[in-house]
Amino acid sequence: MISTWSEWKRYPRPGRGDNIEAPITPGLYEVRIAATGALYSFGAVDNVAQALALLPVGHKSWFGRRDPASLPDLEYRTCATSTKADAKAAAERMIGRRETYMSGAA
C-alpha cells in the first residue's frame, strides 16, 4: 500500500540542529534543489529516514569538513509504503511517467 507524498520540507543544514522528519518504514524519497526544482536524489528504500540522513550533500574539504558555502539549498518529500517492493514498483511507475513526459517534451 502506498500513502500520499508529504509536503516539501527544507533539508537540514549541518550545524543548525535541524531534524529530518521522515518515516522509519519502507518508502520513497525525493530531494530537489530549492532554487531550481532540479532533481538532486530519488530512491525507494527500506527506511526513508535513514536514507535521507545518510544522503551525501556538499563537498568535503581537505580537513574532512563540509564547506557550508558549497552546500545547495535542498528540499525533500517522502512517501511511506508497506514494503520495499511496493516502493520499488511505485518508483518504476514514476520513472516511466517522467521518461514518457520528457520524450514528449523534446
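In what follows, residues are counted from 1 in the order of the sequence shown.
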**Prompt:** Quick one: CD on E75 to CD on E7, what's the gap to the nearest 0.5 Å?
**Reply:** 11.0 Å
**Message:** Less than 4.5 Å apart, side chain to side chain, heavy atoms only: is that true for D73 and Y11?
**Reply:** no
**Item:** Heavy-atom closest contact (I20 atom, P12 atom, distance)
**Value:** CG1-CG, 3.5 Å
**Item:** Interatomic spacing from CG in L74 to NZ in K9 - rounded to 0.5 Å
**Value:** 15.0 Å
**Request:** Could I get the full list of side-chain hydrogen bond (donor to acceptor under 3.5 Å, both in side chains) partners for D46, not counting sequence neighbours?
**Result:** none
**Closest heavy-atom pair and its distance - P23, T78** = CD-OG1, 3.6 Å
**L52 side chain reached by V45 side chain, heavy atoms, under 4.5 Å** = no
**Message:** For M94 versus L28, what's the shortest heavy-atom pair and its separation?
**Reply:** SD-CD1, 4.1 Å
**Request:** Evaluate whether atom CD1 of I24 has more than 12 neighbouring non-hydrogen atoms of other residues, nucleotides or ligands under 6.0 angstrom away.
**Result:** no
**Message:** How close do E30 and W8 get, counting heavy atoms only, and between which atoms?
**Reply:** O-CZ3, 3.6 Å
**Asked** More than 12 foreign heavy atoms under 6.0 Å from NZ of K88: is that the case here?
**Response** no
**Request:** Specify the closest pair of heavy atoms between T83 and P26, including all atoms of both residues, with the distance to one decimal.
**Result:** C-CB, 3.5 Å
**Request:** Could you tell me which non-hydrogen atom of R10 sits nearest to which non-hydrogen atom of Y76, and how far apart they are?
**Result:** O-CE2, 3.5 Å
**Prompt:** Where the side chain of T81 meets the backbone of D86, is there a donor-acceptor pair that is under 3.5 Å apart?
**Reply:** no
**For N47, side-chain hydrogen bond (donor to acceptor under 3.5 Å, both in side chains) partners two or more places apart** = none
